[in-house]
Amino acid sequence: AARAQTGPRIALHDASATPDQTSTFRLHNDLHRAVDRGELAAFFQPQVTAQGAAIKGFEALMRWRHPTLGLVSPAKFIPLAEDNGQIVRMGAWMLQEACQQAVRWQATHTTPLRVAVNLSLRQFGDPHLARHVQQALDSTGLPPEQLELEITEGTAMLDMQHTLNLLRQFKAMGLKLAIDDFGTGYSSLAYLKRFPLDVLKIDQSFVRQICTDRDDRVIAGAIISLAHSLGLSVIAEGVETAEQHALLEEMGCEEIQGYLHGKPMPAEEVAGWLSSRTT
Ligand code: C2E
Ligand code: MG
Ligand code: MG
Ligand code: MG
C-alpha cells in the first residue's frame, strides 16, 4: 500500500505561485536556450489569390518544440520573448529560416513565391534589424521582392517617424511590406498614406462572422476601400469557409489566408503540399 508522504517538503519554487505563474516562469527561463538547442521551428501557412486560389506565398509562423511541454503556441511564448528580449535573436533566426525555406520551394516551383515574416515590436525597435534582414537575404540568395515583412498596426503607429524611416529603408532594399491585424489598432491615416506599404491584412476578428454580422462586413469593406484608395492590396486572414472566401472575393479582397486553404504546416510538408496542388 502507498504510504502517505510525511516529513518536510522542499519547496522548489514559491509555493504561493499559481500553476500558471510557475509555468510562465519556467518558459521564461527555457526560452533563453530555445534558439541554441534548435527547439524553434518555422511553420508555413499558404496565402492564395481570391480569384482561383492560386498560391502566392506563405506566412512563416513560429513554433516552439519544448522538450517536455511539447508544442508551445506563439500566443504564449512571443509575449515572454518580447519581455525578456530573446525575441530579437529568435526573430533573426526566423528571418534566416524563412528565407532559406523560400529558396528551397523555388527549386520545384516555377512562379515566384513570397514568404511573409512577422516582426515584433521590440525587433522593430532593434538597431540591428535592417542588418539581420540583409544578412538573411544575402546568405540565402532570396530575391528581396519575395520577402514580405509584417508589422502590426500597433507597432507601426507607436513611433511613426521611426516607422517611416525604417519602412523607407526596407523599401529601398526591395522588400514587400504589410500591416498585420489591420483594424484592431488606431491608425493615423496621414501616416498610413506616407508609409511605403504594399498590403493591408484584415484581422481575423472581422472575418470570423463576416457572413452573418453586418458590422464586420461593413468594417471589412471599409478596410478594402481604404487600402485600394491608397494603392495597396488586401489579404484576409482567418478564412475558414468557402462562404467567407466568396464574400471577400466579391468585396474585392485580392488574397486569402486561412484554414480553408491550409493550416500552418512544418517546413518539410511545404514541397509536397505545393506539388499536390499544381499537378
Ligand atoms: P498573426 O501574424 O496574425 O498570424 C495569424 C494567426 O492566425 C496564426 O496563429 C495562424 O495560425 C492563425 N490562423 C490562420 N488561419 C486561421 C484560421 O482560418 N482560423 C483560425 N482560428 N486561426 C487561423 P499562430 O501561428 O498561433 O500565431 C499567432 C500570432 O503569434 C501571430 O499572429 C503573430 O502575431 C505571432 N507570431 C507567430 N510567429 C511569429 C514570429 O515569427 N515572430 C513574431 N514576432 N510573431 C509571431
Ligand atoms: Mg502575421
Ligand atoms: Mg494577423
Ligand atoms: Mg493576429
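In listed order, ligands and their atoms are each counted from 1. All of these numbers come straight from a predicted model, not from anything done at the bench.
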Atoms in ligand 1 flagged as close to [X], the criterion being non-hydrogen separation under 4.0 Å:
| X | result |
| --- | --- |
| Pro74 | 24 (P), 25 (O), 26 (O), 27 (O), 28 (C), 30 (O), 37 (C) |
| Asp180 | 1 (P), 2 (O), 3 (O) |
| Arg63 | 11 (O), 24 (P), 25 (O) |
| Ser120 | 44 (N) |
| Leu119 | 44 (N) |

(request) Would you kindly say whether Gln45 and Glu59 are connected by a side-chain donor-acceptor distance under 3.5 Å? (result)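 No, no side-chain donor-acceptor pair sits under 3.5 Å.
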Quick check on [X] - does any of its heavy atoms sit under 4.0 Å from an atom of ligand 1?
| X | value |
| --- | --- |
| Lys263 | no |
| Glu59 | yes |
| Pro264 | yes |
| Gly238 | yes |

(request) Taking only Lys NZ, Arg NE, NH1 and NH2, and the carboxylate oxygens of Asp or Glu, determine whether Lys56 and Glu255 approach each other closer than 4.0 Å. (result)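 Looking at Glu255 together with Lys56, the answer is no, because their closest N to O distance does not fall below 4.0 Å.
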(message) Looking at Arg37 and Asp30, is there a salt bridge between them, counting it only when a charged N and a carboxylate O are closer than 4.0 Å?
(response)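 Looking at Arg37 together with Asp30, the answer is no, because their closest N to O distance does not fall below 4.0 Å.
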(request) Could you say whether the N/O atoms of Tyr259 and ligand 1 ever approach to under 3.5 Å? (result)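 Yes, there is a polar N/O contact under 3.5 Å.
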(message) Evaluate Met94 for polar contact with ligand 1, using N/O atom pairs at a separation under 3.5 Å.
(response)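 Not met; the criterion fails.
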Under-4.0 Å heavy-atom contact with ligand 1, by part of [X] that carries it:
| X | result |
| --- | --- |
| Val117 | neither |
| Lys201 | neither |
| Ile78 | side chain |

(request) Just go through Glu240, Gln204, Glu237, Met90 and tell me whose heavy atom is the nearest to atom 7 (O) of ligand 1. (result)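 Going through Glu240, Gln204, Glu237, Met90 one by one, Gln204 has the nearest heavy atom to atom 7 (O) of ligand 1.
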(request) Using the test ring-ring contact (aromatic ring centres under 6.0 Å, His included), find all partners of Phe124 that sit at least two apart in sequence or belong to another chain. (result)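 With neighbours one apart ignored, the set is His162.
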Could you check [options] and say which one makes a side-chain contact (heavy atoms from CB on, under 4.5 Å) with [X]?
| X | options | answer |
| --- | --- | --- |
| Leu95 | Leu149, Thr140, Leu137 | Leu149 |
| Phe182 | Leu232, Leu226, Ile202 | Leu226 |
| Leu40 | Arg63, Met90, Arg89 | Met90 |

(request) Decide ring pair (Phe, Tyr, Trp, His ring centres under 6.0 Å) for Trp273 and Phe44; before the verdict, give the C-alpha distance in whole Å, the side-chain angles of both, and the deciding distance to 0.1 Å. (result) CA-CA 11 Å; Trp273 186 90; Phe44 296 93; over 10 Å; no
(message) Going by the rule side chain to side chain donor-acceptor pair (under 3.5 Å), which residues pair with Asp138 if we only count those two or more places apart in sequence or in a different chain?
(response)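 Expected list: Gln134.
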(message) Please enumerate all residues that pass side chain to side chain donor-acceptor pair (under 3.5 Å) together with Lys171, with sequence neighbours excluded.
(response)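 Counting only residues at least two positions away or on another chain, Lys171 forms a side chain to side chain donor-acceptor pair (under 3.5 Å) with Asp198.
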(request) Have a look at Lys201 and tell me which of Glu153, Glu254, Glu148, Glu237 forms a salt bridge (charged side-chain N to carboxylate O under 4.0 Å, His left out) with it. (result)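 When salt bridge (charged side-chain N to carboxylate O under 4.0 Å, His left out) is applied between Lys201 and each of Glu153, Glu254, Glu148, Glu237, only Glu237 qualifies.
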(request) Could you tally the protein N/O/S atoms lying less than 2.8 Å away from the Mg ion (ligand 2)? (result)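 There are 4 of them.
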(message) As a quick check of understanding, evaluate side-chain hydrogen bond (donor to acceptor under 3.5 Å, both in side chains) for Gln47 and Gln257, giving each step before the final call.
(response) CA-CA 5 Å; Gln47 299 179 324; Gln257 177 180 352; 2.9 Å; yes
(request) Mark yes when over 12 heavy atoms from residues, nucleotides or ligands other than Arg65 sit less than 6.0 Å from its CZ; otherwise mark no. (result)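 Check fails, neighbour count at 12 or below.
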